[in-house]
Amino acid sequence: MRSLARPWPPKPSLLLAALVQSMGYVDVKMRWKKDASFDDVPVLAHARDLRPLAALARLLSPSPTPVSAVSKLRRSLETSDRRVASFLRRFPAAFIESVGPEHNHPWFRLSASAARLLQEERDVFAARRADITSRLRRLLLMSSSRRIPLSVAQGMLWHLGLPENYFRNPDFNIGQDGFRILTSDGVICPKDENDGKELGLIDDGKDQEMPLSVLQMGAIRRFGSADEVPIPLLPSKGLRLKRKIGDWMEGFQKLPYVSPYEDFSHIPRGSDVSQKRVVGVLHELFSLFVTCSAERRRLLCLRTHLGLPQKFDRGIERHPHIFYLLLKEKTCFVVLKEAYMAGGDTAIEEHPMLEVRSKYAGLMEESREIIKRRRSGKPIQLDPEDQEASGDKGANLAAIFS
């Protein structure tokens with residue numbers, strides 16, 4: 001199927017420019033309503049701690065490690081606890097504590113369940129590498145320059161489901177996935193340089209058909225073509241909008257749709273078509289992520305590279321039928337509602353790494369139950385491989401290696 005999105009450079013559209021001011025946004029404060037159905041999804045409920053837990057699992061593999069070796073990484077790991085040791089103790093289903101050989105310092109090792117899950121994560125990436133790396137390619141294609149700073153790309157690896165050391169480990173050979181690391185002037189970076197690096201495409205995306213966006217594929221599924229591309233609206237139970245806002249949203253759906261992979265330079269900033277493009281870009285971006293969600297503040301680094309306005313987050317607040325704001329531990333997560341409420345009537349493909357993340361969240365739920373049973377004095381059922389290590393917490397560390 002030939003892509004409906006136009007490649008760069010642009011071709012000005014006079015008709016589109018004529019329609020951009022056909023309506024005006026109703027400037028009324030949107031009412032936010034809590035939706036318990038999202039809070040009950042483990043992978044969303046534990047989103048704040050999932051990333052540091054997975055990072056610590058990699059650091060503690062394959063052998064026991066003293067807590068002093070990771071305690072100074074709290075700021076980079078962004079653990080919710082003030083001390084890394086406290087964070088590790090919150091998840092006994094993933095981390096087993098023991099006493100070190102000297103000075104009674106605490107050491108931690110992975111539980112058998114966490115070790116198996118870490119290996120499963122590596123196996124999934126090896127088996128579905130092309131699918132996972134294609135999402136990073138799509139992110140680059142959404143940028144007009146077909147490149148983004150390496151530091152920004154590094155920050156997106158977790159959300160896209162790639163290994164955190166994907167750029168640093170030469171064994172991954174990112175060239176086979178079509179990527180290359182450049183300086184700002186387009187020269188390939190030597191390995192000893194650290195500043196001014198950018199991630200780009202080997203083919204630069206030139207003479208390539210642009211991919212269809214998720215919204216375009218959804219329109220083709222429902223209507224047989226992408227001549228009109230509405231954005232699925234999924235209101236939460238009990239959420240009612242004022243009539244004039246509802247009328248505005250109805251007109252908003254009829255505006256021309258501009259794919260995130262198309263040129264948008266001919267669209268006046270601040271116009272209604274420009275606002276719909278912002279919503280379309282955010283929709284496409286979240287559909288690439290593992291959980292179709294991300295911390296709101298994490299999106300700020302992508303603003304200039306995706307051509308978003310300075311206050312683009314207003315597009316999230318103005319569309320409670322498209323996005324849901326999940327507040328967790330003083331952090332705001334944005335969730336794409338279509339991924340969780342549309343059922344099978346969506347073109348969003350489930351990320352290959354979603355099941356692994358759900359299992360990580362399962363370990364966190366299991367940890368909560370273990371702590372609850374410890375406090376009540378009830379017996380705890382552990383993995384047979386972990387019983388010896390957890391049964392004698394004060395044993396010498398040498399017993400673990402025997």
| Any side-chain heavy atom of Lys197 sitting closer than 4.5 Å to one from Leu182? | no
| Ion pair Lys34/Asp39, N-O distance below 4.0 Å | yes
| query | Looking at side-chain heavy atoms only, is the closest gap between Leu136 and Tyr166 below 4.5 Å? | reply | yes
| note | Correct closest heavy-atom pair for Tyr257 and Gly280 would be CE1-CA, 4.4 Å
| request: With rounding to the nearest 0.5 Å, note down the distance linking OG1 in Thr346 to CE in Met217. | output: 9.0 Å
| field | Charged N-O contact under 4.0 Å between Glu120 and Arg116 | value | no
| Quick check: does any side chain N or O of Ser143 sit under 3.5 Å from a backbone N or O of Leu140, one acting as donor and the other as acceptor? | no
| Side-chain heavy-atom pair Thr133, Phe179 within 4.5 angstrom cut-off | yes
| request: Could you check Arg48 against Glu295 for salt bridge (charged side-chain N to carboxylate O under 4.0 Å, His left out), going step by step and ending with a plain yes or no? | output: CA-CA 9 Å; Arg48 176 67 178 85; Glu295 283 184 82; 5.1 Å; no
| said: Between Arg138 and Glu284, does any NZ, NE, NH1 or NH2 come within less than 4.0 Å of an OD or OE carboxylate oxygen? | reply: yes
| said: On a heavy-atom basis, which atom in Arg277 and which in Val258 lie closest, and how many Å separate them? | reply: CG-O, 4.1 Å
| query | Under 3.5 Å, is there a donor-acceptor pair between the side chain of Ser111 and the main chain of Ala93? | reply | yes
| Partners of Asp313 by side-chain hydrogen bond (donor to acceptor under 3.5 Å, both in side chains), sequence neighbours excluded? | Arg296
| task | Mind listing the closest non-hydrogen atom pair of Asp81 and Ser86 along with its distance? | result | OD2-CB, 3.9 Å
| message | With rounding to the nearest 0.5 angstrom, report the CD1 to CD distance, Ile202 to Gln176. | response | 10.0 Å
| task | Would you confirm whether Ser61, through its side chain, and Arg58, through its main-chain N or O, come within 3.5 Å as a donor-acceptor pair? | result | no
| task | Check whether any side-chain heavy atom of Tyr261 sits under 4.5 Å from a side-chain heavy atom of Pro211, and report yes or no. | result | yes
| Taking atom CZ of Arg83 as the centre, does the number of heavy atoms from other residues, nucleotides or ligands within less than 6.0 Å exceed 12? | no
| said: Check Arg128 with Glu349, please: is the shortest side-chain N to carboxylate O separation under 4.0 Å? | reply: no
| query | Does Tyr340 reach the side chain of Val41, with side-chain heavy atoms less than 4.5 Å apart? | reply | yes
| Distance-minimising heavy-atom pair for Arg374 and Pro92 | NH2-CB, 3.8 Å
| said: Whether the side chain of Arg109 engages the backbone of Ile96 through a donor-acceptor N/O pair (distance < 3.5 Å, no angle test) should be reported. | reply: no
| note | In terms of heavy-atom contacts, Cys332 and Leu325 come closest through SG-CD2, 3.9 Å
| query | How many angstroms lie between CG in Leu59 and CD in Glu164, if you round to the nearest 0.5 Å? | reply | 10.0 Å
| note | Quick note, ring-ring contact (aromatic ring centres under 6.0 Å, His included) partners involving residues 118-161, not counting sequence neighbours, are Phe125-Phe172, His159-Phe289
| request: Would you please indicate yes or no on a ring centroid separation below 6.0 angstrom for Tyr360 and His46? | output: no
| message | Main chain of Met353, side chain of His351: is a donor-acceptor contact present, judged purely on distance under 3.5 Å? | response | yes
| How many angstroms lie between CG in Leu162 and CD1 in Ile174, if you round to the nearest 0.5 Å? | 10.5 Å
| said: Within the supplied structure, the quantity of interest is the number of heavy atoms (other residues, nucleotides, ligands) at a distance under 6.0 Å from Glu355 CD; does it exceed 12? | reply: no
| field | Steps toward side-chain contact (heavy atoms from CB on, under 4.5 Å) verdict (Glu121, Leu118) | value | CA-CA 5 Å; Glu121 183 178 21; Leu118 189 61; 3.8 Å; yes
| Can you check whether Pro232 reaches Lys337 side chain to side chain, under 4.5 Å on heavy atoms? | no
| query | Using the ring of each side chain (for Trp, its six-membered ring), is Tyr324 parallel, tilted or perpendicular to Phe38, with breaks at 30° and 60°? | reply | parallel
| task | In plain terms, say whether Asp49 and Arg90 are close enough for a salt bridge, that is, a side-chain N and a carboxylate O under 4.0 Å apart. | result | yes
| For Glu250, does the CD atom have more than 12 heavy-atom neighbours from other residues, nucleotides or ligands under 6.0 Å away? | no
| Stepwise, does the side-chain hydrogen bond (donor to acceptor under 3.5 Å, both in side chains) test hold for Thr291 with Ser293? | CA-CA 5 Å; Thr291 59; Ser293 66; 2.7 Å; yes
| Do you know the tightest heavy-atom contact between Leu215 and Pro230? | CD2-O, 4.1 Å
| Pair Leu139-Leu285, side-chain contact (heavy atoms from CB on, under 4.5 Å): steps then yes or no | CA-CA 7 Å; Leu139 177 61; Leu285 182 64; 3.7 Å; yes
| task | State whether a side-chain donor-acceptor pair under 3.5 Å links Lys359 with Ser113. | result | no
| field | Glu78/Arg298 salt bridge by N-O under 4.0 Å criterion | value | yes
| request: Measure the shortest side-chain to side-chain distance between Asn169 and Pro163 over non-hydrogen atoms and say whether it is less than 4.5 angstrom. | output: no
| said: Closer than 4.0 angstrom, basic N to acidic O: yes or no for Glu228 and Lys254? | reply: no
| request: Working to the nearest 0.5 Å, report the span between CG of Leu88 and CD of Glu97. | output: 8.5 Å
| field | NZ/NE/NH1/NH2 to OD/OE distance under 4.0 Å, Lys237 and Asp35 | value | no
| task | Could you check Arg318 against Val279 for side-chain contact (heavy atoms from CB on, under 4.5 Å), going step by step and ending with a plain yes or no? | result | CA-CA 10 Å; Arg318 290 172 175 175; Val279 175; over 6 Å; no
| said: Would you say that Gln275 contacts Val278 through its side chain, given a criterion of any heavy-atom pair below 4.5 Å between the two side chains? | reply: no
| task | Give, for atom CZ of Phe95 and atom CG of Leu56, the distance between the pair rounded to the nearest 0.5 Å. | result | 5.0 Å
| request: Given side-chain contact (heavy atoms from CB on, under 4.5 Å), test Glu198 with Ile181 step by step and report yes or no. | output: CA-CA 6 Å; Glu198 292 183 327; Ile181 297 176; over 6 Å; no
